[in-house]
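Below: the structure, in structure tokens.
As the structure lists them, so they are numbered: ligands from 1, and atoms in each ligand from 1.
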Amino acid sequence: MTQTTPSDITRKYTYGTWRAQKGWAPREIVGAEGCFFTDAAGNRFLDFSSQLMCSNLGHGNKAVIDAICEQAKQLPYIVPSFTTEARANLSRALLEVLPSGLEKFFFATSGTEANEAAFRIARQFTGKYKIISRYNSYHGSTAGSIAATGDPRRYPIEPAGKMEGVLFGPDAYCYRCPFDLKYPECGIACADYIEHMIKHESNVAAVIVEPVVGTNGVIVPPDEYMPRLRELTQKHGVLLICDEVMSGWGRTGEWFAVDHWKVRPDILTTAKGITSAYVPLSVAATTREISDYFEEHYFATGHTYEAHPLTLAAGVAGIQEYKRLGLIQRSREQGEYLGQRLKVLKEKHHSVGDVRGLGMFWGIELVRDRHNKAAFNTREEKIQGKSMMIDKVAAETMKQGTYVVGWLNTLIIAPPLIASREEIDQGVSAIDKSLEVSDRET
Ligand SMILES: Cc1ncc(COP(=O)(O)O)c(C=O)c1O
């Protein structure tokens, strides 16, 4: 692999990635097609995480690109208080794929904005203000969504820079059960504890969860968890917000992760895969009952780029492409194969503590010691900028020609849903070789 350095112009003008980057030379990317992207030195990389778990359709999808170009020619922008054909088309397309009963949509341009809108809808509609989230979660980086984020990206923002009224409940994380219980004898205590919180806190407007937790470890809950959460939130008049920014759009082998458990939340937020990140679009979808409230009450949210026609047109084309290419079914089938291949790595590498996932969404959690599940690194070390084992393994996969995202102690494997078996084999074999790096430190 040729070591690439940025071109002169890139070096001169790329000041800002806004991360601790002293002495770091970013890799310059010049193109992407299918499941691969190419750097300025001509190295090709297999995209085994769909960039930030968003390029579900792969790169260079002609139908989506054409739809964006057509919309740019016809009507690239109009004030959101007008309506457009693109908006009607996307609303109709969403009604076909979202859990039934989610009928009204707030369109914005990022996952964090969709979650901010969800919190405001929940607080205004219920007249209550507390939000329950969980520790292994990421909901975005603006004041409300970072406040509801359990992962360490929240730490440096405290106490200023985040909204009030968020509480954290236990995770449905069987590999590291917060109650040290075992499924199924646990009786899904993690869901019951959320009910305990609702009862004792009072004033709870909503519970927000990623139905399958994304960046914080690809954590799939036990089958009873989501239906139980739905039941108990309904019982107490608390809204259930499902953040499907990452887990939506076929990623888990269904249109949305909640479909696995036939759960309809009160608000579903999504972004990323809706346009496969070709343009930035997000949605907060809610029920008629909730949206009717806002027919007569002022909704205190809006953006210049709300319902931006370019993004809506890409959303319509994206949904058509998922259907045309049969990608939901394909995610289920290819995902089974991917999962089987990854589980073999657990047998082979003693630094692998757990392999878990659904569809084309898998996590490999690394441990220093399998017997006591000791983690390689802590959350604090991440924020302090210490060298993380997961980054060393991810850097090794890059040397093997495969890009994989790592966060804290987990590799997040989420190839484009168009990936072939050969591409899956290529990615798994790069990870297989790279895990020798963590094996050496066990
Ligand atoms: C589950 C989840 N929610 C919200 C967000 C925030 O989305 P955005 O980065 O588009 O604001 C992310 C981003 O990774 C996410 O994974």
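A salt bridge links Lys323 with Glu96; the closest basic N to acidic carboxylate O contact falls under 4.0 Å. Classification of Asp192 and Arg228 as a salt-bridged pair holds, one side-chain N sitting under 4.0 Å from a carboxylate O. Salt bridge annotation for Arg134-Asp151: absent, with no cationic side-chain nitrogen under 4.0 angstrom from a carboxylate oxygen. The pair Glu158-Lys162 meets the salt-bridge criterion, since a charged nitrogen lies less than 4.0 angstrom from a carboxylate oxygen.
Considering backbone and side-chain atoms alike, Gly111 places an N or O below 3.5 Å from some N or O of ligand 1.
Counting heavy atoms under 4.0 Å from ligand 1, residue Asn115 touches it through the side chain alone. Residue contacts with ligand 1, taken as heavy atom pairs separated by less than 4.0 Å, involve Ser110 via backbone and side-chain atoms alike.
Contact annotation for atom 7 (O) of ligand 1: protein present (non-hydrogen atoms, distance under 4.0 Å).
Closest protein heavy atom to atom 2 (C) of ligand 1: Tyr138 O, 3.2 Å. In this structure, the protein non-hydrogen atom closest to atom 16 (O) of ligand 1 is Met246 CE, 3.2 Å. Among protein heavy atoms, the minimum distance from atom 3 (N) of ligand 1 is reached at Asp243 OD2, 2.7 Å. With respect to atom 11 (O) of ligand 1, the closest heavy atom belonging to the protein is Thr112 N, 2.9 Å. If you check which protein heavy atom lies closest to atom 5 (C) of ligand 1, you get Val245 CG1, 3.8 Å.
Going from atom OG of Ser145 over to atom CD of Glu116 covers 4.5 Å, rounded to the nearest 0.5 Å. Residue Met53 holds its CE atom at 11.5 Å from OG of Ser247, rounded to the nearest 0.5 Å.
Closest to atom 14 (O) of ligand 1 by heavy atom, among Met53, His139, Lys272, is Lys272.
Geometrically, Arg120 does not engage Phe106 in a cation-pi contact, judged by NZ or CZ lying under 6.0 Å from the ring centre and within 45° of the ring axis.
With ligand atoms numbered from 1 in the order given, ligand 1 contributes 1 (C) to contacts under 4.0 Å with heavy atoms of Glu210.
Put simply, the side chain of Val355 does not reach to within 4.5 Å of the side chain of Arg341, judged on heavy atoms.
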